[in-house]
Amino acid sequence: MNQTRQIHYRLSELEYQKLATSANQIGLSASAYAKKLALRSKLVEPKFNHDDAVQLNLALTRIGNNLNQLAKRANANNPIVRADVNALRSEVNQLWQQLR
């Protein structure tokens, strides 16, 4: 196999010592051990792409803000309108359906 590509990264002294100790325990150099770890790693595919994750985060933020407003109103002994609670519940249900 023609290995022409290189990867460089920096470690703190403590990180390097941990890597070197683990490598020595199985008889490899620190570089060979790091390569073996990298090639064996199994990446998990994200459930959402970046744009969808941003949209979900915005939706959760809106829901959180609305919930905080209802809680503030309730703590100030102001009546909470059932329609507001139902609207919030609807938003949560819609978001839940997107997450499934």
Side-chain angles (χ1 to χ4, degrees):
M1 182 169 23
N2 189 7
Q3 298 179 339
T4 59
R5 304 294 295 189
Q6 292 184 7
I7 296 176
H8 302 277
Y9 59 96
R10 295 183 184 274
L11 300 172
S12 69
E13 187 61 35
L14 179 61
E15 291 169 332
Y16 180 79
Q17 290 303 321
K18 287 174 72 174
L19 182 73
T21 299
S22 295
N24 285 336
Q25 288 176 351
I26 60 171
L28 292 175
S29 68
S31 295
Y33 182 69
K35 180 179 178 179
K36 205 173 226 356
L37 287 176
L39 293 176
R40 282 189 183 172
S41 69
K42 295 179 182 169
L43 299 177
V44 177
E45 185 176 343
K47 293 185 185 280
F48 307 104
N49 66 37
H50 177 72
D51 292 336
D52 290 342
V54 168
Q55 292 304 315
L56 289 170
N57 191 32
L58 288 172
L60 285 169
T61 300
R62 279 194 305 275
I63 289 170
N65 288 338
N66 291 343
L67 183 59
N68 285 338
Q69 289 173 359
L70 289 176
K72 183 177 179 180
R73 192 181 308 162
N75 287 329
N77 292 325
N78 291 331
I80 297 177
V81 180
R82 182 174 295 276
D84 291 341
V85 174
N86 288 339
L88 184 58
R89 182 177 288 144
S90 176
E91 285 183 55
V92 170
N93 286 337
Q94 287 174 354
L95 185 58
W96 181 249
Q97 292 304 315
Q98 288 178 358
L99 294 174
R100 289 181 152 198

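Just so it is clear, the structure is predicted and the values come from calculations on it, not from any experiment.
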Peer 1: Measure the spacing between CG of Asn75 and CG of Leu70 and express it to the nearest 0.5 Å.
Peer 2: 11.0 Å
Peer 1: Find the distance between CG (Leu95) and CZ (Arg100) and round it off to the nearest 0.5 Å.
Peer 2: 12.0 Å
Peer 1: Closest approach of Asn2 and Thr4, non-hydrogen atoms and distance?
Peer 2: OD1-CG2, 3.1 Å
Peer 1: Between Ile80 and Leu67, is there a shared hydrophobic cluster once you connect ILVMFWY residues whose side-chain heavy atoms come closer than 4.5 Å?
Peer 2: yes
Peer 1: Residues in side-chain hydrogen bond (donor to acceptor under 3.5 Å, both in side chains) with Gln25, at least two apart?
Peer 2: none
Peer 1: For the hydrophobic clusters of this structure (ILVMFWY residues joined by side-chain heavy atoms under 4.5 Å, transitively), does one cluster hold both Leu37 and Leu14?
Peer 2: no
Peer 1: Just checking Ile7: does its CD1 atom have more than 12 heavy atoms from other residues, nucleotides or ligands closer to it than 6.0 angstrom?
Peer 2: no
Peer 1: Working to the nearest 0.5 angstrom, can you tell me the gap between His50 NE2 and Gln55 CD?
Peer 2: 10.0 Å
Peer 1: Does Leu58 share a hydrophobic cluster with Val92, counting links as ILVMFWY side-chain heavy atoms below 4.5 Å and allowing steps through other members?
Peer 2: no
Peer 1: With a 3.5 Å distance limit and no angle check, can you tell me whether Ser41 reaches the backbone of Ala38 through a side-chain donor-acceptor pair?
Peer 2: yes
Peer 1: Side chains of Gln17 and Glu13: is there a donor and an acceptor less than 3.5 Å apart?
Peer 2: yes
Peer 1: Of all heavy-atom pairs between Ser29 and Ala23, which one has the smallest distance, and what is that distance?
Peer 2: O-CB, 3.6 Å
Peer 1: Starting at NZ of Lys72, measure out to CG of Asn78 and round the result to the nearest 0.5 Å.
Peer 2: 10.5 Å
Peer 1: Once rounded to the nearest 0.5 Å, what's the spacing between atom CD of Gln97 and atom CD of Gln94?
Peer 2: 9.5 Å
Peer 1: Answer yes if Leu28 and Leu39 sit in the same cluster of Ile, Leu, Val, Met, Phe, Trp and Tyr residues linked by side chain heavy atoms under 4.5 Å apart, and no otherwise.
Peer 2: no
Peer 1: Can you spot which of Gln69, Arg89, Arg73 makes a side-chain contact (heavy atoms from CB on, under 4.5 Å) with Asp84?
Peer 2: Arg73
Peer 1: Could you check whether any side-chain heavy atom of Asn24 comes within less than 4.5 Å of a side-chain heavy atom of Tyr33, counting everything from C-beta outward?
Peer 2: no
Peer 1: Could you grab the distance from atom CG of Asn93 to atom CG of Leu88, nearest 0.5 Å is fine?
Peer 2: 9.5 Å
Peer 1: State whether the number of non-hydrogen atoms from other residues, nucleotides or ligands found under 6.0 Å of Phe48 atom CZ is greater than 12.
Peer 2: yes
Peer 1: Spell out, as yes or no, whether a donor-acceptor pair under 3.5 Å connects the side chain of Ser22 to the backbone of Lys18.
Peer 2: yes
